Amino acid sequence: MKSPIIVWFRDDLRLSDHAALREAAQRGGPLVCLYVLDERGGGRPHGAASCWWLANSLRALDAGLKKLGQTLVLRKGDAALIIPELAANADTGAVLWLESEVPAQAARDRKVAQALQRAGSEARILRSDLLAKPDNIRNKDGNGLRVFTPFWKRVLSLDDPARPLAAPKTLPPPVRSVASERLEDWKLEPSKPDWATGFREAWSPGENGAQQRLHDFLDGPIKGYATDRDRPDGDHTSGLSPHLRFGEISPRQVFHAAKFAAERQPALARDIDKFLSELGWREFCRHLLFDNPDIDTRNLQSSFDDFPWRRDAKALRAWQRGQTGYPVVDAGMRELWHTGVMHNRVRMVVASFLVKHLLLDWRLGEQWFWDTLVDADPGSNPANWQWVAGSGADAAPYFRVFNPVLQGEKFDPDGAYVSKWVPELAKLSPKFIHHPWDATPIELQSAGIVLGDNYPEPIVDHKAARERALAAYRKTRA
DNA sequence: TTTTGAGTTGTTCGA
DNA sequence: GTCGAACAACTCAAA
């Protein structure tokens with residue numbers, strides 16, 4: 001009789017392109033499919049929105065496993081204790097998992113592997129989900145690249161990432177003696193109040209939902225993606241980010257599916273290259289995280305360490321709640337609250353607004369996003385906040401201050417996006433919907449708007465705020 | 001080693 | 001309304 005095997009699922013909540021599950025299926029022997037909610041050891045604890053996603057994704061994974069006669073075993077606590085103990089109790093021969101390049105996870109994983117080896121068990125770590133290993137993308141000094149374009153060129157110059165593996169058709173039976181905790185007991189989902197109704201309408205967490213998204217996207221919105229992706233009004237993006245975050249689909253699967261689409265439809269080459277480069281940004285941020293484990297707290301450019309951020313709890317709260325008086329900013333912040341995501345273009349606008357118009361520390365915005373985004377990624381979230389703030393790698397020039405009115409008019413010309421998320425402005429004509437303060441009293445009245453009453457006056461004046469930011473940034477450089 | 005060219009996403013102003 | 005320049009200098013990658 002073969003000894004039992006544990007497959008340890010982490011940010012790879014899928015059955016296909018899963019080298020550890022695949023190998024376990026081939027080896028045979030009783031199998032434990034394990035997920036450990038390790039709130040301390042795996043890096044930053046999930047934010048509230050991510051907890052919602054996680055709960056649903058675990059449920060989906062369990063359903064997928066059940067179809068193969070398996071089940072997902074849930075445990076909560078320190079993985080470095082739980083896994084060796086479980087391995088001993090179940091008398092397993094090996095624990096298999098996919099490598100992580102997230103520094104905190106990698107450190108924790110080393111502890112797990114050492115403990116297993118001390119106990120005479122095998123720790124089998126298989127290739128990670130990244131398209132390229134950070135070790136393979138180095139400059140001549142051995143450091144990671146800090147400029148995106150050469151980084152991405154380098155990744156693309158390597159051999160294509162391995163072809164994705166199919167999901168196992170059958171799995172060995174579970175180990176009956178290993179019990180699972182109950183997902184409900186983890187209280188990952190909100191109850192009172194239940195703020196996740198909008199999430200349920202917007203999303204289908206899990207591998208099936210991820211594959212559906214990918215194929216719907218490559219059948220439709222990919223056409224014109226290179227330009228339309230900037231528009232928050234309508235479905236012009238893939239919506240894959242939370243699925244990628246939890247590994248319900250792997251970057252390799254997305255990469256090869258996009259390449260395949262490009263072969264069949266050469267006219268889409270430009271759109272697909274653009275789409276792949278967005279996958280490249282995810283990769284870039286993960287590599288930055290690999291080299292900078294404290295990227296969520298420490299400025300990558302230390303010249304920002306004494307930047308005079310303001311403290312203003314009231315302004316922060318107005319920003320968080322979508323009550324700044326700038327329609328496109330408020331629309332974005334409310335979309336985030338309602339759905340757990342925000343359109344990429346609008347993320348830049350609201351981030352620039354917090355950091356530059358309000359002069360509030362980028363970490364405050366990063367933390368809010370961490371808590372409210374279902375796609376909150378330990379690499380992308382802090383790296384992109386630092387990029388906007390100017391403290392990051394390959395950062396935006398200091399004088400780039402987004403004008404929320406111009407951005408709204410340019411990318412939401414009909415005001416459809418604002419109307420959807422800031423319904424109190426929906427009756428205002430597109431001409432004024434991005435700057436209601438310029439509308440005449442009659443226009444405001446017929447749209448049912450009383451500024452300062454049912455929609456706020458702008459909390460800062462754009463021109464004055466811009467100049468204040470430029471002055472502060474100029475000083476930081478000098 | 002030194003040099004060279006380039007670098008996600010913008011805005012404002014004045015001609 | 002449109003267009004180009006200014007906004008700044010610095011770091012990075014590669015030749």
Side-chain angles (χ1 to χ4, degrees), chain A residues 132 134 136-158 224-232 236-237 241 270-271 273-285 287-288 291-292 299-304 326 328-329 332 342-357 362 379-381 383-413 417 431 434-435 460-478:
Chain A
N136 292 340
I137 312 289
R138 298 279 117 183
N139 65 18
K140 61 176 165 42
D141 298 327
N143 298 317
L145 305 197
R146 293 165 68 98
V147 179
F148 175 73
T149 303
F151 168 84
W152 188 230
K153 279 185 182 160
R154 193 80 84 76
V155 173
L156 292 177
S157 75
L158 303 174
Y225 178 82
T227 49
D228 294 347
R229 65 178 292 280
D230 268 327
R231 293 193 55 155
H236 304 294
T237 60
S241 56
R270 196 172 84 91
D271 292 322
D273 282 351
K274 186 71 192 167
F275 175 58
L276 286 174
S277 81
E278 297 305 320
L279 205 57
W281 273 92
R282 176 185 188 279
E283 186 89 3
F284 182 55
C285 294
H287 286 228
L288 285 173
D291 286 314
N292 303 277
N299 294 305
L300 293 186
Q301 294 183 35
S302 54
S303 59
F304 275 78
Y326 282 91
V328 78
V329 173
M342 191 192 309
H343 185 276
N344 170 257
R345 162 70 40 182
V346 188
R347 291 190 200 200
M348 287 192 285
V349 176
V350 305
S352 172
F353 191 84
L354 183 82
V355 165
K356 298 197 169 168
H357 286 77
W362 62 264
S380 301
N381 196 48
N384 283 313
W385 271 96
Q386 292 220 44
W387 181 82
V388 173
S391 63
D394 208 3
Y398 82 93
F399 50 79
R400 182 181 292 146
V401 180
F402 286 79
N403 179 329
V405 176
L406 291 183
Q407 288 284 311
E409 288 175 337
K410 190 166 174 195
F411 298 110
D412 180 32
Y417 179 72
K431 189 176 170 200
H434 293 294
H435 48 123
V460 287
D461 172 67
H462 168 68
K463 193 158 186 271
R466 177 173 188 274
E467 276 160 18
R468 179 174 70 176
L470 289 176
Y473 272 79
R474 253 183 228 115
K475 230 181 204 165
T476 282
R477 277 186 316 98

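Just so it is clear, the model here is predicted, and its values are computed rather than measured.
Taking the side chain as every heavy atom from C-beta outward, A:Trp362 and A:Leu354 never approach each other to under 4.5 Å. A 4.5 Å side-chain heavy-atom check between A:Phe399 and A:Arg474 finds every atom pair outside the cut-off. Looking only at side-chain heavy atoms (C-beta outward), A:Val349 and A:Tyr326 stay at 4.5 Å or farther from each other. The shortest distance between side-chain heavy atoms of A:Arg231 and A:Asp412 does not fall below 4.5 Å. Looking only at side-chain heavy atoms (C-beta outward), A:Arg345 and A:Phe402 come within less than 4.5 Å of each other.
There is no side-chain donor-acceptor pair under 3.5 Å between A:Gln407 and A:His434. With no hydrogens or angles considered, no side-chain donor-acceptor pair links A:Asn384 and A:Trp281 at under 3.5 Å. Checked by atom type, the side-chain pair A:Ser391/A:Gln301 shows no donor-acceptor distance below 3.5 Å.
Between the NZ atom of A:Lys140 and the P atom of B:dT1 there is a distance of 8 Å, given to the nearest Å. As rounded to whole Å, 16 Å separates atom P of B:dG10 from atom CG of A:Leu470. Across the protein-nucleic acid pair, A:Trp152 atom CH2 and B:dT9 atom P stand 18 Å apart, rounded to whole Å. Distance A:Glu409 CD to B:dT11 P: 11 Å, rounded to the nearest Å. In this structure, A:Asn384 atom CG and B:dT9 atom C1' are separated by 11 Å, rounded to whole Å. The separation between A:Arg138 atom CZ and C:dA14 atom P is 13 Å, rounded to whole Å.
Of the charged side-chain nitrogens involved, none lies within less than 4.0 Å of a carboxylate oxygen, so that A:Asp461 and A:Arg468 do not count as a salt-bridged pair.
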Dot-bracket, 5' to 3', for DNA chain C please: Watson-Crick or G-U pairs under 3.5 Å, [ ] where pairs cross earlier ones, | where the partner sits on another strand, dots elsewhere. .||||||..||||||

Show me the protein contacts with nucleotides 8-13 of chain C, counting only N or O atoms at under 3.5 Å.
| from | atom 1 | to | atom 2 | distance (Å) |
| --- | --- | --- | --- | --- |
| C:dA8 | OP1 | A:Tyr398 | OH | 2.2 |
| C:dA8 | OP1 | A:Arg474 | NE | 2.8 |
| C:dA8 | O5' | A:Tyr398 | OH | 2.9 |
| C:dC12 | OP1 | A:Arg146 | NE | 3.2 |
| C:dA13 | OP1 | A:Arg146 | N | 2.7 |
| C:dA13 | OP2 | A:Asn139 | ND2 | 3.0 |

Distances under 3.5 Å between protein N/O atoms and the N/O atoms of nucleotides 12-15 of chain B, please, pair by pair.
| from | atom 1 | to | atom 2 | distance (Å) |
| --- | --- | --- | --- | --- |
| B:dT12 | OP1 | A:Asn403 | ND2 | 3.4 |
| B:dT12 | OP1 | A:His462 | NE2 | 2.7 |
| B:dT12 | OP2 | A:Asn403 | ND2 | 3.1 |

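Here A:Lys356 lies out of heavy-atom contact (under 4.0 Å) with every strand.
Remark: A:Lys356 is not positioned above the aromatic ring of A:Tyr398, lacking an NZ or CZ atom under 6.0 angstrom from the ring centre and at most 45 degrees off the axis.
Shortest non-hydrogen contact noted between A:Val155 and A:Ile137 is CG2-CD1, 3.8 Å.
B:dA6 and C:dA8: their C1' atoms are spaced 15 Å apart (whole Å).
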